[in-house]
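Before any comments, here is the structure.
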Protein chains: 2
Amino acid sequence: MRASRQVREAVERALKAAGLPPLDWYDALWEIEQAPEGIRPNALETRLLLPQYGLSRLIARLVEAGYVARGPSPGDGRGQLLHLTDAGRAVRRAMWPVYGAALTRTFAGTRAESEAARLAALLKGLTGEGRPPQPPIA
Amino acid sequence: MRASRQVREAVERALKAAGLPPLDWYDALWEIEQAPEGIRPNALETRLLLPQYGLSRLIARLVEAGYVARGPSPGDGRGQLLHLTDAGRAVRRAMWPVYGAALTRTFAGTRAESEAARLAALLKGLTGEGRPPQPPIA
DNA sequence: TCCATGTAGATGCAGTTGCATCAATATTGG
DNA sequence: CCAATATTGATGCAACTGCATCTACATGGA
């Protein structure tokens, strides 16, 4: 718990210092970007492992910021389809170097650095297996 | 991040279901209990890796719940000395089985279970080394 | 001694979270 | 076809967080 909080706070501080949105936004923007055909909130929910109400409000913030557009969900009047806007793509891209640099700084020099793959494997088992790897490179 | 959130939420749910206080309280109660001569908030701050205002308010809640008593700090009129009350000891003790059981459930059957020591070592490097192990057994 | 600076801890405010619940649409069994 | 139930997503409320700032006491130097 301590480790994850330390890491998260380091990343959050770096993003804030760079005038960028908080960390949660990154994952959400990334997942939405991966679905050019649009993605529905309930699908995001399982991918991001967020509670329903949390995601609902996160989306509201992203929409208000102009990073995400809501559209109707074909064939289901309850749902909606989310798409990334150009601004959304731009900010996600801008976030990555800052995010990555903060991570690098945190891990540099620790045992976890050389054994990252092993650490990731161990932790992945805890998330209920769930989702595919999250490869946020470019 | 996902792994730690999953674990934390599982523990929080278990504690709440048992009518017990949230997880943060456990660590704080534990650390205070370890210092029968009393401990000062600023010392707790470094042990718990909490921000100053967060700890200040956590202590306020613990005091209001009757689990912690504030006393004057000898030789420093600004400070205070915290002690656990009997109720505090009791609730900390009551929390542990629930806490532990939730952890066991989360780790059971994962690779992390058999490699707990390795995982702990990797993660510990990330917390800035900091503190001694946190052995909340009895 | 007095002032400048440093440290301990508290707090107002705005934003976020968890919980419970709601409205709207979908689906299913009779 | 309709009523019962399930699913999707939103929201009021109370609690909690981060940030900036504040008060009170402490300490060091002129």
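FYI, side chains are in, hydrogens and waters are out, and symmetry mates aren't considered; it's all heavy atoms of this structure. Throughout, a chain's letter reflects where its sequence line sits, starting with A, and its residues are numbered from 1.
The residue Gln80(A) sits close only to the backbone: its heavy atoms come under 4.0 Å of sugar-phosphate atoms, none of a base. Residue contacts for Arg57(B): at a heavy-atom cut-off of 4.0 Å it reaches a base atom on one of the strands shown. Within 4.0 Å (heavy atoms only), Gly79(B) reaches sugar-phosphate atoms of the nucleic acid but no base atom.
Here the shortest heavy-atom pairing between Gly38(B) and Leu81(B) reads C-CD2, 3.6 Å.
Atoms CD (Glu64(A)) and C1' (dT11(D)) sit 15 Å apart, rounded to a whole Å. Spacing between atom CD of Glu12(A) and atom P of dG15(C) amounts to 16 Å, rounded to whole angstrom units. Regarding Leu62(B), its CG atom lies at a distance of 15 Å from the P atom of dG9(C), rounded to whole Å. Between Asp24(B) atom CG and dT17(C) atom P there is a gap of 15 Å when expressed in whole angstrom units. Rounded to an integer number of Å, the gap from Glu9(A) CD to dT16(C) P is 17 Å. Rounded to an integer number of Å, the gap from CG of Leu55(A) to P of dG9(D) is 9 Å. Rounded to an integer number of Å, the gap from CG of Leu23(A) to C1' of dG18(D) is 15 Å. Distance, Arg40(B) CZ to dC25(D) P: 13 Å, rounded to whole Å.
Heavy-atom distances to DNA chain D give each of Arg13(A) and Asn42(A) a nearest nucleotide, and the one nearer the 5′ end belongs to Asn42(A). Both Arg70(A) and Asp76(B) lie close to DNA chain D; mapped to their nearest nucleotides by heavy-atom distance, the more 5′-ward contact belongs to Arg70(A). Comparing Glu45(B) and Leu58(A) by the nucleotide of DNA chain C that holds the closest heavy atom to each, the one mapping nearer the 5' end is Glu45(B).
Taking 4.0 Å as the cut-off between side-chain N and carboxylate O, Arg118(A) and Glu115(B) count as a salt-bridged pair.
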Enumerate the protein-to-nucleotides 21-24 of chain C contacts in which both atoms are nitrogen or oxygen and the separation is below 3.5 Å.
none

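With contacts defined as side-chain heavy-atom distances shorter than 4.5 Å, the pair Val68(A)/Leu29(A) qualifies. Between Leu48(B) and Glu31(B), some side-chain heavy-atom pair lies under the 4.5 Å cut-off. Here the side chains of Arg61(A) and Trp25(A) are in contact, with some heavy-atom distance below 4.5 Å.
Each of dC19(C), dG18(D), dG9(D) was ranked by its minimum atom distance to the side chain of Pro51(B); first place goes to dG18(D). If you check dA20(D), dT11(D), dC16(D) against the side chain of Tyr53(A), the one that comes closest is dT11(D). Residue Ser56(B) has its side chain nearest to dA10(C) when only dG9(D), dA10(C), dT17(D) are considered. Among the nucleotides dT17(C), dG18(D), dC16(D), the one closest to any side-chain atom of Arg61(B) is dC16(D).
If you take CG on Leu44(A) and CZ on Arg47(A), they are separated by 8.0 Å, rounding to the nearest 0.5 Å. Note that the CG atom of Asp24(A) and the CD atom of Glu12(A) stand 6.5 Å from one another [nearest 0.5 Å].
The aromatic rings of Trp96(B) and Tyr26(B) sit tilted, their planes meeting at an angle between 30° and 60°.
Taking side-chain N and O atoms only, Lys16(B) has a distance below 4.0 Å to OP1 or OP2 of dC19(C).
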